[in-house]
Number of protein chains: 2
Amino acid sequence: MAVTLKQICEEAGVSKATVSRVLNNHPLVSKETREKVQEVIQRLKFTPNALARNLSLRRTDTIGVLFPWIFNGFFSTLLRGVDSAASELNYHVITSLSHDAGDENAMASRLLKERRIDGLILMAPSLPADQIEELKSIDVPLVVLQREIADPEVNSVSVDNFDGGLKATAHLIERGCRRILAIAGPQGSLDSDRREAGYREALKQADIAFDPDLLIRSNFNKETAFTSFENFRRRFAMPDAIFCFNDEIALGMLKYLKTIGVRVPEDVALIGFDGIEFTEFAELSTLTMPMQEMGRQAVRLLIKQIECKEKRTAEQLLLKGAVVERNSTRRRS
Amino acid sequence: MAVTLKQICEEAGVSKATVSRVLNNHPLVSKETREKVQEVIQRLKFTPNALARNLSLRRTDTIGVLFPWIFNGFFSTLLRGVDSAASELNYHVITSLSHDAGDENAMASRLLKERRIDGLILMAPSLPADQIEELKSIDVPLVVLQREIADPEVNSVSVDNFDGGLKATAHLIERGCRRILAIAGPQGSLDSDRREAGYREALKQADIAFDPDLLIRSNFNKETAFTSFENFRRRFAMPDAIFCFNDEIALGMLKYLKTIGVRVPEDVALIGFDGIEFTEFAELSTLTMPMQEMGRQAVRLLIKQIECKEKRTAEQLLLKGAVVERNSTRRRS
DNA sequence: CTGAAAGCGCTTACAG
DNA sequence: CTGAAAGCGCTTACAG
């Protein structure tokens, strides 16, 4: 079997307490004994059992990350940020992909209640607000990622949607576009609302009147976006530019426009939002979120909470994205 | 604090042993006491502490997954398969992304030696064979994913590279191509060698002589592929078709050919290998691996090993991929 | 600076 | 069918 602390203390002729102190760099150990013990540890290739240690310490050095079932390059980049920050801070990461829409909470709270994790990062863009409240009530460190939350008591890190909407729109305006169609998300999505506010602000700054006909809605996927767009076209002329509130819609539109013989960017400029990998290949301009950094910040926030239980003042970080300019908004020559 | 087993047994007026038996559905508990205990468990909302349980049981119900640092949609799909299979079998998944090339082993063996995981899935396409041997020597359940392994004692699940190379090539031959350039991986890559063998077999079946000039090498990335390809072009005419041994190369070539005015598929047909998400958008035909299924099978294999320690007969699964036909190999009309 | 002892929260032979 | 007791492998006041 594996070497245990007990074998070390017997071999070194000291008590378990002493070995434990050496292991944890406790200052009150004489240099001699410390060295003697260390020698034995090395010789016997001892690695402490984390389970036992954690049971005593009542913590696990592990954080849970709850993903939506459908996750793409976008989420993997986020995960990369989470994992790298966690490992720098000596934490492990347990992932949990929710399988159907409903069981997100069940999985998360099981992990939490079984004490397998010290805290949770929630990456659930479409999780209803009341379920977030429910998890919050378990009273364990929690950070919501990639989603602006209205409740000020919930820690979150998200892209600054207002700023992003503003930048994307301003970028199009700079290119000379004035009739800018926005394909927004659904009613009630805070993310969409903030992007919309940014869109309006950019128009205002450029002295362009907001035209409600130029704001259509989707469910953040291409199917619903197409329906809305076809509807729009039956009634109105083609706009100068289209600002899609996420990349999936933008990529869909890129193909769709090609199909119906509309050239991008010559006839209409197109910009997305998110910055998924795909966009690079598709040469789609997009407002790129700092995904890896968002993952890293989420971990920092979470571990901060885990390690100082007292002051539970929630923070809500908004990280700024940047427009990555590609062919779809190239200046027309 | 959290409710513990002790509180349950006091409240129910039985011993800890009895509560434990109820928890684990041990048959030797009378119906009455079982019901009484269950009632208390429900009332006090007791969830057993997994740490304590695992320490007693000397296992963790957790498997580790070691990813390469650069991971894309391809690996996330694999992870999805791993996570879903694991959760069906009541296991948790700890991920560990290696940060620089060297520390893969260190991270994995730490997880293992600290007893945080019961077994490991290794997703390290480029990990040197000797490092795999090293991990193998820790003598803990291990499955290597997405990589054919020569050592018959190592469990692995991989795509059937020979079959894939054969199918991809046969697909091109069916399209009327005869001079088929293969952009292979590096010397010594078993994956590449197997794909090459499939390529040759397909040629043979079609009575096309193998031409060594039509097999060039890359390092499985586009930069090295370009260099090889330019080299090739200086000496030879454009082939009928190009079979790229992975999608990254194929996507790179797709753009590159466009740049130099070669039309796909009119002038040259193009097929990739892997089936990453990107290819769909790019309309690239590719030999698609059953990635999610590979992840699932890896978990099954691993858990099988974990749960019956006796018969350590290694299995090496080869799952078959399929050609997904898209525009890049469309029949010329 | 060091050790004996209790504790973390479960499980499981062993008796009865 | 049930309980007392030892054990899983660590940590940490408390004494000295």
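Chain letters run A, B, ... following the sequence lines, proteins first and then strands; every chain starts at 1. Both backbone and side-chain heavy atoms feed into the values below; hydrogens, waters and symmetry mates do not. As the structure is a prediction and not an experimental result, all values here were calculated from the model.
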Original post:
Separation of Arg53(B) atom CZ from dG9(D) atom C1', in whole Å?
Top reply: 18 Å

Original post:
Do the side-chain N and O atoms of Arg116(B) and Thr60(B) include a donor-acceptor pair separated by under 3.5 angstrom?
Top reply: no

Subject >> Pairing pattern in dot-bracket form [Watson-Crick, G-U; both distances under 3.5 Å; | = partner strand] for DNA chain C >> reply: |||.||||||||.|||

Original post:
Separation of Asn49(A) atom CG from dG7(D) atom P, in whole Å?
Top reply: 17 Å

**OP:** Would you please confirm or rule out a distance under 4.0 Å between OP1 or OP2 of dC8(D) and any side-chain N or O of Thr4(A)?
**Re:** no

Original post:
Quick one: is dG9(C) close enough that its OP1 or OP2 comes under 4.0 Å of any side-chain N or O from Arg58(A)?
Top reply: yes

Original post:
Can you tell me how far the CG atom of Leu79(A) sits from the CG atom of Asp83(A), to the nearest 0.5 Å?
Top reply: 6.0 Å

Original post:
Of the non-hydrogen atoms in Ser158(A) and Asp191(A), which two are nearest, and what is the gap between them?
Top reply: OG-OD1, 4.4 Å

Subject >> Close side-chain approach of Leu23(A) and Ile41(A), heavy atoms under 4.5 Å >> reply: yes

Original post:
So, Gln297(A) and Glu293(A): side-chain donor and acceptor under 3.5 Å apart, yes or no?
Top reply: yes

Original post:
Which whole number of Å gives the distance between the P atom of dC1(C) and that of dA5(C)?
Top reply: 24 Å

Original post:
Given dC10(C), dT2(C), dC10(D), which nucleotide is nearest the side-chain atoms of Leu28(A)?
Top reply: dT2(C)

Original post:
Between Arg53(B) and Glu114(A), does at least one N-O distance fall below 4.0 Å, as a salt bridge requires?
Top reply: no

Original post:
For DNA chain D, whose closest nucleotide is more 5', that of Ser15(B) or that of Leu57(A)?
Top reply: Ser15(B)

Subject >> Spacing of Lys16(A) atom NZ relative to dA6(C) atom P, expressed in whole Å >> reply: 12 Å

Original post:
Leu5(B) has a side chain; which of dC1(D), dG9(D), dC10(C) sits nearest to it?
Top reply: dC10(C)

Original post:
Considering residues at least two apart in sequence or located in another chain, which fulfil the side chain to side chain contact (heavy atoms under 4.5 Å, CB included) criterion with Ala86(A)?
Top reply: Ile63(A), Tyr91(A), Val93(A), Val299(A)

**OP:** Would you mind reading off the distance between Lys6(A) atom NZ and dA6(D) atom P, rounded to a whole angstrom?
**Re:** 13 Å

Original post:
Can you name the nearest heavy-atom pair linking Asn155(B) to Glu315(B), along with the distance?
Top reply: OD1-N, 3.0 Å

Original post:
Under a 4.0 Å heavy-atom cut-off, which of residues 17-27 of chain B touch DNA chain D?
Top reply: Ala17(B), Thr18(B), Arg21(B)

Subject >> Length of the line joining Leu55(B):CG and dT11(D):P, which is rounded to integer Å >> reply: 12 Å

Original post:
Leu51(B) has an atom CG; how far is it from atom P of dG7(D), in whole Å?
Top reply: 21 Å

**OP:** Write down the distance separating the P atoms in dC14(C) and dC10(C), rounded off to the nearest Å.
**Re:** 24 Å

**OP:** Would you state whether a donor and an acceptor, one from the side chain of Ser56(A) and one from the base of dC10(D), lie under 3.5 Å apart?
**Re:** yes

**OP:** Using heavy atoms and a sub-4.0 Å distance, could you list which residues of residues 32-47 of chain B are near DNA chain C? By number, please.
**Re:** Phe46(B)

**OP:** Sort out for me which residue in Ile306(A), Leu112(A), Asp118(A) forms a side-chain contact (heavy atoms from CB on, under 4.5 Å) with Val140(A).
**Re:** Leu112(A)

**OP:** For residues Asn49(B) and Arg115(A), report the shortest heavy-atom separation together with the two atoms involved.
**Re:** ND2-CG, 3.8 Å

**OP:** Applying side chain to side chain contact (heavy atoms under 4.5 Å, CB included), name anything that partners Asp151(B), two or more places apart in sequence or on another chain.
**Re:** Glu133(B), Lys136(B), Ile149(B), Glu153(B), Val154(B)

**OP:** Check side chain to side chain contact (heavy atoms under 4.5 Å, CB included) between Glu11(A) and all other residues, then give those that pass, not counting sequence neighbours.
**Re:** Val40(A), Arg43(A)

**OP:** Grab the CG-C1' distance between Asn54(A) and dC8(D) for me, whole Å please.
**Re:** 14 Å

Original post:
Counting side-chain heavy atoms from CB outward, which of dC10(D), dT2(C), dG3(D) is closest to Val29(A)?
Top reply: dT2(C)

